[in-house]
Structure formats: C-alpha cells, structure tokens
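This one's a predicted model, so the numbers in the text were calculated from it and none came from an experiment. Within every chain, numbering begins at 1; the chains are lettered A, B, ... in the order of the sequence lines, protein sequences first and strands thereafter.
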Amino acid sequence: MSTNVSRYDPSVSEHGWQAAWEAADCFKAEGPDCGKPKYYVLEMFPYPSGRIHMGHVRNYAMGDVVARFKKAQGYNVLHPMGWDAFGMPAENAAIEKGVHPATWTYENIDAMRAQLKSLGLSFDWSREFATCDPSYYRHEQAMFLDFLDAGLVDRRESIVNWDPVDHTVLANEQVIDGKGWRSGAPVEQRALTQWFLKISDVADDLLSALDDLTRWPEKVRLMQANWIGRSEGLACSFELEAPAGGATHIDIYTTRPDTLYGASFCALSPDHPLTIALAADDTKLAEFRALCAARGTSESEIEGGEKLGYDTGLRVRHPLEPDWLLPVYVANFVLMGYGTGAIFACPAHDQRDLDFARKYDLPVYPVVRPADDDATFSVTNTAYTGDGVMFNSRDLDGLAPDTARAQIIDRFETENRGARQVNFRLRDWGISRQRYWGCPIPMVHCDTCGAVPVPRADLPITLPEDVSFDEPGNPLDRHPTWKHAPCPKCGADATRETDTFDTFVDSSWYYARFTGLDDARPTERAAADYWMSVDQYIGGIEHAILHLLYARFYARAMNRTGHLGTDEPFAGLFTQGMVCHETYRDNDGNWLLPEQVDRREAGAFLRTDPTHAVEIGGVEKMSKSKKNVVDPDDIIATYGADTARWFMLSDSPPERDVQWTQDGVDGAWRFVQRVWRLIDTHAEALRDVPTSAGAPADLSQEGRALYESVHRSIDSVTQDLDALGFNRAVARIYNLANALSSFEPTGKPSDHQVLKAGLEALVQLFAPMMPHLAETCWQALGGAGLVAQTAWPKADAAALEVDTVIMPVQINGKRRAEITVSKSADQATIEQQARAEPQVEKFLDGKPIRKCIVVPGRIVNFVV
RNA sequence: GCCCUCGUGGCGGAAUUGGUAGACGCGACGGAUUCAAAAUCCGUUUCUUUCAACGGAGUGUCGGUUCGAGUCCGACCGAGGGCACCA
C-alpha cells in the first residue's frame with residue numbers, strides 16, 4: 001500500500017460537485033416525449049421554520065437515493081422541492097419579533113434552501129415554489145370556486161373546536177386528546193359559520209380505494225379505514241307519547257337493531273334540536289346543557305368521561321311494541337355530529353348505555369346470550385357485546401344476532417318505518433381559519449345576495465401587507481380597508497371573507513402543481529397526466545391521517561373539476577422513522593445539549609466542568625425542548641454531507657426510528673475515508689486499464705471470486721434499493737468494499753481489469769447515497785463524465801450462477817457437516833456424497849435411515 | 001377498553017418460499033505500526049462445559065404442526081403505536 005495516502009476532504013470537493021451537477025442540468029426533469037418511462041419521487045415538503053433538522057436529512061436522503069437510483073436505471077425522474085409556507089409560526093414571529101410574516105418566511109426559505117443544497121440533493125429546483133406565493137395560491141382560490149360550482153363546498157353553522165390560544169377553529173383530526181394539535185391548549189366548543197369541503201361525500205370511495213393502494217404501508221391504510229369509520233345500521237323513529245318541543249317523534253340510528261327488545265331508554269345529544277327546544281322552557285335542562293358544553297371535549301375525556309344525564313320526563317313508544325313506553329334522557333355521551341344525535345339504548349349490550357343505566361337506575365334486559373349459556377344469562381356491570389343467540393326477543397328468539405339484525409331491518413323497510421343506512425365517522429372538512437397568514441377565501445358577503453364568489457378575473461385575492469399583530473384575533477378582520485369590497489353580484493357595499501384556508505389545503509395539491517407550473521391554470525393537464533400519480537412518496541408517519549387523507553380527497557375533487565386525471569395522488573407511500581438521540585440533564589434537572597456533555601465510560605460530565613455529573617436519560621425524538629438535537633450544519637461542516645447521508649441510511653431499517661450517535665457518525669466517516677484510500681491506492685495503476693463487458697478472459701481463481709462477488713453485490717444492492725432497504729444495501733456495500741480491500745492483484749492483466757471494474761461498480765453502487773464522494777472516486781479512476789449521469793451497473797447473470805454449492809447436512813435436524821456439490825447434481829448423487837462424508841458416517845453410526853430429505857442447493861437431512 | 005405492529009449477541013440490526021441463526025456496522029478485548037499519540041492495519045467477540053472440539057444450549061415464555069421453526073398455529077408475558085363516548 002502506498003505510504004503517502006491522501007485524505008478525502010469533503011469541504012473541498014462537495015461544493016464543486018454540486019456546481020458541476022447544476023452546470024450540467026443533471027436533475028432537470030425531461031419532457032413527456034423523451035422516450036423514457038417516468039418516475040415521480042416526492043418527499044413531503046418542509047415547513048420553512050428557518051433551519052433543517054436531522055429528520056429532514058433522513059427524509060431527503062432517502063428520497064434522493066430513490067431519485068438518483070431511478071435516474072441511473074434510465075427513468076425520466078421528477079424530483080421537486082418546495083415550501084409549505086403558510087401557517088402560525090410566521091404570525092408568532094410577527095408578534096414576538098415584529099417582523100412581517102412574509103419577510104420571516106422568505107428569509108427562512110432562503111436559509112433552508114442553502115442548507116438543502118449543501119446536502120447535494122438531486123432536486124429539480126426549477127420547479128420550486130412556496131405555497132404563500134400568490135402565483136400558487138391564486139390557483140388554490142380558483143379551484144375553490146370550481147369546487148363550489150361542483151357542489152363540493154358547503155357553508156354552515158356548526159359546533160366547532162375552538163382553540164383559545166391560537167384563536168382559530170380546528171378540524172376534528174387536529175384535536176388530539178382534547179387539545180389543539182399545535183397549541184396544546186384545551187379545545188372549547190363554539191358555534192361558528194364555517195366553510196366546509198364535503199369530504200364525507202366521498203367517504204365510501206376513500207375507504208374502498210384503500211384496497212388498491214398496495215404500495216402503502218398496511219398500518220396507514222388501517223388507520224385511515226378506522227378514521228373513516230364506516231358502519232351499517234338502521235335509521236328509524238320512536239314516536240313521542242305526546243308532541244313536545246315541536247316534535248312528534250325522535251329519529252335514531254343504530255347498528256344494533258337486533259337488540260331493540262332490550263331497549264331501556266332513549267337519549268338525545270345536549271345539542272339536539274329537541275333538547276334546545278325543550279331547554280327554552282326548562283331552566284334545569286338549560287343548565288345541564290351549559291354543563292356539558294363547558295366540559296366539552298377537553299377535561300371530561302381525559303378524566304375518563306363520566307356519564308351524565310337529564311330526564312326530560314318525555315316518553316316514547318317502542319317501535320315494535322306500541323304499548324311499551326321508554327323514558328327520554330339528554331345524555332352527555334351522545335354526539336350531535338354522528339347519526340341523528342339521538343339513540344335508543346340497550347344497556348345489556350353496550351357498555352356506555354350500561355354505565356348510564358346503572359347510574360340512573362334504569363332497567364337492563366339481556367337479549368343476546370353466549371351460545372353455551374342458558375336463558376338465565378344476566379348482565380351485571382359488563383355489557384355483553386359478543387356473538388351468541390337471541391332470547392327474550394319474541395319472534396327473534398333463537399336466531400344469531402346478525403340474522404336478527406337483517407330481519408329487523410327488512411321488516412322496518414317493508415313496513416316503511418325505517419331504512420338501512422350507512423354512516424361514517426368521517427365528517428366534512430372545516431377549512432375556515434381565523435388567521436392572517438393563509439390563503440384568503442375568495443368570497444364576498446353581501447347583505448342581500450349572501451355569500452358571493454369573487455369573479456375569477458379578480459383573482460388572486462392577495463393578502464394586505466400593512467397589518468399589525470399587536471392584538472389577538474385576525475388582522476384581516478380589523479384591517480381598515482381590505483375587507484370592504486362591492487358585491488360582485490349587485491354592486492352594493494359588502495365585505496370580504498376574512499377567514500383563510502386551513503394550511504392543509506395548501507399541501508393537498510402541491511404534488512400536482514409540481515408537474516407543471518402553468519400561469520393560467522392550477523395544472524398543465526398533459527403534464528399532470530404524464531407525471532401523476534407520485535410513484536414514491538416519502539414522509540413521516542405523523543401524516544398518516546391528516547395530510548394523506550386530505551390529499552386523497554383533493555385529488556378526487558381535482559379530478560371531478562378537470563384539473564387531474566387520477567383519484568389517487570400517491571401510488572407508493574413510504575413512512576420513515578424518526579431521528580432520536582440520548583437526553584442529558586444536569587443536577588438541577590436542566591436539559592443539556594449533546595455538545596455540552598463529555599460522555600465517558602464511567603459516566604457523563606459537563607464538558608466545561610468535569611466535576612459536574614450529568615444524568616443520561618432515555619433515547620427520544622430529537623426536539624428543541626429536550627435539547628437532544630444535533631445541527632445538520634455542524635455535521636456537514638465537520639464531516640461533509642456524504643457522511644451525514646450515509647449514517648442516516650445505515651444500520652436502522654428506514655421505517656424504524658434511528659438513534660443518532662457520535663460513534664455512528666465516526667463509523668460512517670471512517671468508511672468514507674476507507675473508500676477513498678482504497679480508490680486512491682489503486683487509481684494510478686488502474687487509470688489506463690481497459691474495462692470490458694463481461695468477465696475478463698484468463699481470470700485467476702481469486703480474480704474469478706472477486707468478479708462473482710462484485711456481481712452478487714450489484715444484484716443485491718439493486719434489489720435492496722428497489723425495496724427501499726437502504727440499510728441492507730449499505731451492508732452489501734461494506735461487504736463489497738471488504739472484498740475489494742483484501743484482493744491482491746497478482747500482476748496478471750485480468751486481475752487489474754477485474755479490480756478496476758469492481759472499484760467502478762462499488763462507486764456506482766454507493767453513488768446514490770454518497771454522491772460527492774462517488775464523483776471524486778469516479779474522476780480518480782478515470783471514469784467518463786459524471787457518475788450522476790452514468791447508467792446503473794448490470795449484474796452478469798452468468799456470474800450469479802455458481803457451479804458448486806456448499807450444502808449443510810443435518811441428522812435429525814441438527815447440522816453435522818457440510819458438503820460441496822455440483823449445482824446440477826441430482827438428489828441421489830447428493831445423498832450418496834452426504835452419506836460418504838466422515839462426519840455423517842460417524843453420526844449415522846450404522847443406524848437405519850428412516851428418511852432422507854434432499855433439497856437441491858439447500859439442505860440434506862437424514863432422519864434416523 | 002378496542003385495533004395494529006414488534007420482541008434475535010453488550011448495542012443497531014441481517015437471515016428468499018419454513019432449509020447452515022447472528023451478515024454488515026458499532027462497541028469491547030488482544031496485537032502490529034509509532035518516541036508517544038491520533039490515524040491505520042491484523043485478529044477475537046451469542047452463551048456455556050476446567051482448555052478444545054465436527055460437545056451442549058440458544059431468536060421474550062410455554063405448547064403445537066413439520067424431516068426441519070427466528071419464520072407457520074395457539075396461549076401467555078413485555079414494549080411501541082393508533083383510535084377512543086361514532087350508538
């Protein structure tokens with residue numbers, strides 16, 4: 001080995017290669033007529049918070065590997081990047097620092113773009129946009145009008161989740177444990193008039209189409225299916241004994257019509273119209289309603305949800321037994337937003353009803369008993385929800401519950417007193433937000449004409465720039481002039497809608513916009529038809545429901561309004577795990593940054609004070625609040641982008657969490673240097689060695705072995721990358737590097753040829769992961785052009801076919817020996833050879849062989 | 001409470017359709033090089049029997065299917081995630 005090996009310095013080479021790729025326009029997507037198959041790879045675009053974090057590095061490193069790999073395989077690759085740029089943090093910055101949200105946002109974008117570029121990611125930057133660009137959101141406004149025309153938009157008053165800290169409305173999906181997903185504040189219930197997108201109209205399709213998303217993680221499909229929550233049941237009425245509150249009957253929905261004979265009471269939601277009507281003349285009921293509203297979705301849920309009720313004194317007739325009267329309660333556990341907001345209760349077979357019945361001393365009649373139980377079956381404090389046999393149910397006795405269910409529904413339908421109904425948990429998507437930094441909703445409110453769409457010619461409705469954030473609430477609402485506009489219909493003085501879109505609207509169609517940046521339209525249909533759907537979408541599991549469900553709805557809405565030709569935005573989805581790090585605290589319980597800690601065998605100490613012990617906490621997701629963060633800029637400055645990328649792809653399977661460790665980075669860094677030494681050691685001697693397709697003639701035994709090893713590596717890395725098995729690909733590449741390092745050329749020309757070809761293959765195989773190092777190595781080996789523009793190596797099928805194979809020999813399932821046999825040997829030959837093996841003979845010990853299993857190429861097993 | 005996923009060395013993790021468990025990396029230990037260190041290179045590293053073996057055990061626990069189980073089936077234990085009054 002040369003005594004004068006150089007070190008690879010990424011700080012010198014990386015910028016140069018980034019410039020070279022840009023100069024060669026390497027990553028610009030080609031047009032539909034380029035003759036190549038298309039491949040659209042997309043990573044979830046970031047919110048421009050100001051700095052990228054390690055989670056971004058992992059996410060974009062994975063996407064970049066896919067993009068570069070597919071490009072090398074001959075695909076026309078679209079790999080764009082943009083910014084999810086509207087949202088609350090910009091307003092918070094305005095409040096805290098007095099900087100305008102737009103200024104703050106665009107400065108952050110500039111900073112983060114520079115960071116992403118320093119990672120050497122193969123983005124087609126010519127398609128970059130931010131969702132806060134008027135050139136983007138004008139089309140969002142136009143599409144909203146299209147959706148309005150297509151009947152996909154609704155405006156109605158509803159009880160909404162109000163976030164008292166952010167002063168805005170939240171969708172159900174955005175309320176987590178009764179708290180706002182961003183602010184963490186307990187959510188209140190308020191009545192507000194809101195714009196809705198009618199996502200529930202396509203609930204059935206969103207559910208059934210999940211079956212075809214075979215390249216989505218099963219977990220995400222399941223989560224969406226649960227969220228959509230389809231159920232089938234009976235809608236019917238219970239007649240009031242006497243009309244009350246303007247009603248003659250109560251409409252209910254039930255999935256358990258089979259348990260009708262076990263009915264005990266009916267219950268109304270506190271927000272049910274009849275409840276509200278009754279409360280007008282009943283102060284106690286009004287007080288009860290206020291109590292329920294105050295408890296809202298917040299505290300009561302966290303504390304376990306105690307059942308509360310109020311007896312209205314009303315009675316309803318049982319629909320199957322007109323003489324049977326049931327009491328009507330108002331109950332806090334009945335939701336107005338689902339079904340009809342009223343239920344009949346069968347406490348024996350529903351835990352909530354049972355809890356309620358026990359509390360208010362209402363009867364419990366079991367009507368389903370386990371098949372192996374008898375008619376004395378009773379229920380105490382646990383409702384029986386299992387399958388079994390109907391009893392105490394007149395004509396239904398003896399039937400299975402699902403038969404009874406069908407029979408009852410049929411009966412109601414024939415008698416015209418009810419109907420089979422499908423309900424969904426999924427509600428319409430409320431998109432109004434009382435914020436400034438969002439896309440204005442292009443509507444005008446006129447006293448005479450109502451809500452009137454802004455004429456398309458007047459779009460975009462842009463945000464005013466002179467706004468203040470010195471008081472809570474929406475600056476658009478209190479702006480002196482912005483909201484005043486004539487009614488587009490009658491010309492009278494009117495006011496603009498001051499709400500802006502939920503930012504999830506912005507991210508619901510950006511993938512489509514990337515396919516073609518038409519000035520006049522949201523999409524270029526031809527380009528969109530060519531590129532869509534996204535072949536591989538990569539992002540965090542935290543978007544399994546919110547973003548991914550909205551985007552699926554939006555694609556359908558865009559399809560219906562002619563902007564897209566497909567319903568599904570993402571044909572393939574991959575959800576990567578989080579980046580975690582150890583946590584550290586000092587004696588006073590303060591969190592410490594990793595660089596403040598000196599980590600030693602015996603324990604950890606404060607770097608600045610070796611006597612100050614540090615407690616090492618759990619490994620958790622990197623977060624600013626726990627200070628267990630590592631800044632990508634620091635890592636890139638010290639080790640280069642390739643080391644950071646390589647480490648992010650090594651070891652842990654991509655769908656799982658990965659732990660960032662200094663040892664791991666050091667390991668990646670060592671490999672970078674090792675590869676460079678390997679190339680540098682041989683580069684000069686090999687520069688003029690010709691490489692040929694196929695195996696060089698006259699190979700030595702070692703040369704032959706290396707050749708086979710190289711081609712096995714090509715084959716398996718290709719398979720691993722196809723399956724997004726980055727950690728497996730990394731392991732294969734280590735193997736290949738080891739094989740190349742230990743190869744000693746004898747001086748035979750064929751040895752040099754096979755070594756050079758092997759080194760070139762190595763460089764090409766790791767190029768998608770460490771693209772800068774790959775270019776430097778490629779150049780040193782005298783390779784033509786850029787690796788980034790080189791075709792993916794092909795495995796020589798002949799080299800993968802080995803002629804002899806080592807087979808283990810088992811006796812009674814225990815491995816006792818191995819034999820080397822010809823690949824083509826038949827079973828009898830293999831058995832004979834195995835039998836002749838001394839070890840085997842020893843263990844067989846003359847015992848009679850009961851059976852001999854021979855799986856050619858795999859195993860021999862003697863049963864004695 | 002309901003639903004889902006996962007349990008493999010000191011650690012991260014490999015292991016086509018059931019077919020040599022522990023690839024690859026990290027860490028650790030021993031050695032080489034060095035005045036010394038860093039860097040690098042070589043070797044060992046699942047546990048275990050006094051050393052060694054082509055000895056025994058071994059993929060959370062217990063059982064089953066099979067010539068053969070990390071992989072399939074059942075029960076249990078543990079960890080993680082999702083949903084949570086959806087009638």
Side-chain angles (χ1 to χ4, degrees), chain A residues 1 5 7 172 176-178 217-220 222-227 229-231 233 252-256 259 267 297 300-301 304-307 331-335 337-346 349-353 355-356 382 385 423-427 541 544-545 601 647 650-653 655-659 661-668 670-671 673-674 677 716 719 725 727-738 741 806-818 837-840 842-843 850-855 857-864:
Chain A
M1 190 177 277
V5 284
R7 270 170 88 76
N172 281 321
I176 292 148
D177 287 336
E218 190 56 45
K219 186 161 108 176
V220 174
L222 194 80
M223 280 163 70
Q224 291 215 348
N226 289 340
W227 189 264
R230 186 182 194 277
S231 77
I252 63 106
Y253 169 75
T254 178
T255 57
R256 292 298 302 273
T259 64
T297 54
S300 65
E301 271 191 7
E306 194 193 352
K307 305 282 178 288
N332 68 338
F333 68 91
V334 181
L335 305 174
Y338 186 79
T340 59
I343 60 161
F344 93 87
C346 173
H349 305 293
D350 183 291
Q351 193 59 47
R352 295 156 303 178
D353 298 349
D355 293 344
F356 192 88
T382 306
T385 53
N423 264 336
F424 295 93
R425 218 184 76 110
L426 181 70
R427 313 254 182 104
I541 185 75
I545 296 169
E601 262 308 281
F647 176 48
S650 311
D651 290 352
S652 286
E655 69 278 10
R656 256 190 247 178
D657 290 352
V658 65
Q659 187 188 347
T661 59
Q662 189 56 46
D663 285 338
V665 186
D666 290 342
R670 269 200 298 274
F671 184 67
Q673 295 302 336
R674 220 185 107 200
R677 272 197 310 278
S716 40
Q719 284 182 38
N727 59 321
R728 293 198 302 271
V730 165
R732 310 279 192 193
I733 289 167
Y734 271 114
N735 269 330
L736 178 58
N738 290 344
S741 298
I806 297 166
M807 283 174 62
V809 181
Q810 298 183 335
I811 287 142
N812 286 341
K814 284 207 185 338
R815 194 183 78 99
R816 297 298 182 185
E818 3 181 89
E837 188 70 20
Q839 271 305 314
V840 177
K842 182 182 139 196
F843 275 94
R850 277 224 330 266
K851 200 170 173 185
C852 176
I853 290 112
V854 178
V855 183
R858 286 248 179 251
I859 206 160
V860 182
N861 190 9
F862 291 103
V863 186
V864 297

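- One C1' atom belongs to B/rG25, the other to B/rU45, and the distance between them is 14 Å to the nearest Å.
- Comparing B/rG19 with B/rG68, their P atoms are spaced 15 Å from each other, to the whole Å.
- Annotation: side chain of A/Arg732 is not in contact with side chain of A/Leu736 (no heavy-atom distance under 4.5 Å).
- Because its NZ or CZ atom is both nearer than 6.0 Å to the ring centre of A/Phe333 and within 45° of the ring axis, A/Lys307 counts as a cation-pi partner of that residue.
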Next on the checklist: The test is side chain to side chain contact (heavy atoms under 4.5 Å, CB included); show your working for A/Cys852 and A/Val860 and say whether it passes.
Outcome noted: CA-CA 7 Å; A/Cys852 176; A/Val860 182; 4.3 Å; yes
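- Between the P atom of B/rC85 and the NE2 atom of A/His349 lies a distance of 23 Å, rounded to the nearest Å.
- Taking the P atoms as reference points, B/rU65 lies 41 Å from B/rU44, given to the whole Å.
- Between A/Ile853 atom CD1 and B/rU20 atom P there is a gap of 14 Å when expressed in whole angstrom units.
- The phosphate of B/rC41 has OP1 or OP2 within less than 4.0 Å of a side-chain N or O from A/Arg677.
- Note: A/Arg425 CZ to A/Arg230 CZ = 15.5 Å, rounded to the nearest 0.5 Å.
- Rounded to the nearest Å, the gap between the C1' atom of B/rA32 and that of B/rA37 is 16 Å.
- Comparing B/rA57 with B/rA21, their C1' atoms are spaced 14 Å from each other, to the whole Å.
- Among the atoms of the strands shown, base atoms are found under 4.0 Å from some heavy atom of A/Val334.
- A distance of 12.0 Å separates CZ of A/Arg656 from CG of A/Asp651, quoted to the nearest 0.5 Å.
- Between B/rG19, B/rC83, B/rC85, one nucleotide has an atom nearer to the side chain of A/Lys307 than all others, and that is B/rC85.
- Positionally, the nearest nucleotide of RNA chain B for A/Gly664 lies more toward the 5' end than for the other of A/Thr340 and A/Gly664.
- Between the CG atom of A/Leu222 and the CH2 atom of A/Trp227 there is a distance of 14.0 Å, given to the nearest 0.5 Å.
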Checklist entry - Tell me, for nucleotides 29-34 of chain B in 5' to 3' order, what letter each nucleotide earns: B for a base near a protein heavy atom under 4.0 Å, S for only sugar-phosphate near one, - for neither? => result ------
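- For B/rC67, the base has a donor-acceptor partner in the side chain of A/Asn861 [N/O atoms by modelled type, under 3.5 angstrom].
- When side chains are defined from C-beta on, A/Gln810 counts as touching A/Ile859, because their heavy atoms get closer than 4.5 Å.
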Checklist entry - Reading nucleotides 1-14 of chain B from the 5' end, what letters show protein touch, with B for base, S for backbone sugar-phosphate only, - for no heavy atom under 4.0 Å? => result --SS-------BSS
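- Using atom C1' as the reference point in both B/rG12 and B/rC4, the two lie 24 Å apart (nearest Å).
- You'll find the side chain of A/Arg674 reaches within 4.5 Å of the side chain of A/Asn738, heavy atoms only.
- Between A/Arg670 atom CZ and B/rC26 atom P there is a gap of 5 Å when expressed in whole angstrom units.
- Whole-Å rounding puts the A/Asp666 CG to B/rG27 P distance at 7 Å.
- Proximity of A/Ile545 to A/Val220: side-chain heavy atoms (C-beta onward) are nowhere separated by under 4.5 Å.
- Between B/rC24 and B/rU46, the two P atoms lie 12 Å apart (nearest whole Å).
- Partners of A/Gln659 by side chain to side chain contact (heavy atoms under 4.5 Å, CB included), not counting sequence neighbours, listed by chain and number: A/Glu582, A/Val619, A/Thr661.
- The residue A/Tyr734 sits close only to the backbone: its heavy atoms come under 4.0 Å of sugar-phosphate atoms, none of a base.
- Looking at heavy atoms from C-beta onward, A/Thr382 lies in side-chain contact with A/Gln351 at the 4.5 angstrom threshold.
- Among the protein residues, A/Asp353 comes within range of no part of the nucleic acid, since none of its heavy atoms lies under 4.0 Å from any strand.
- Annotation: ring pair (Phe, Tyr, Trp, His ring centres under 6.0 Å) contacts of A/Phe424 (sequence neighbours excluded): none.
- Shown here, B/rG9 is classed syn by the O4'-C1'-N9-C4 or O4'-C1'-N1-C2 angle, which is within 90° of 0.
- Here A/Thr661 lies out of heavy-atom contact (under 4.0 Å) with every strand.
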Checklist entry - If you write RNA chain B from 5' to 3' in dot-bracket form, with Watson-Crick or G-U pairs under 3.5 Å, [ ] for crossing pairs and | for pairs with another strand, what do you get? => result (((((((..(((......[....)))((((((.......))))))(((......)))..(((((..]....))))))))))))....
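- Proximity note for A/Arg7 (side chain, C-beta onward) versus B/rA87, B/rA39, B/rG19: the nearest is B/rA39.
- Of all nucleotides listed (B/rA23, B/rG19, B/rG82), B/rA23 comes nearest to the side chain of A/Asn735.
- Using C1' as the reference atom, B/rU71 and B/rA52 are 34 Å apart when rounded to the nearest Å.
- Distance from the side chain of A/Met223 is smallest for B/rG82 among the nucleotides B/rG19, B/rA87, B/rG82.
- Between the CG atom of A/Asn738 and the P atom of B/rG43 there is a distance of 10 Å, rounded to whole Å.
- With sequence neighbours left out, the ring pair (Phe, Tyr, Trp, His ring centres under 6.0 Å) criterion links A/Phe671 to A/Trp646, A/Tyr734.
- Residues A/Tyr253 and A/Ile343 fail the side-chain proximity criterion, which asks for heavy atoms closer than 4.5 Å.
- Two residues, A/Gln719 and A/Asp350, neighbour RNA chain B, and the one matched to the more 5' nucleotide by heavy-atom proximity is A/Gln719.
- Checking B/rG82, B/rA87, B/rG27 against the side-chain heavy atoms of A/Leu335 singles out B/rA87 as nearest.
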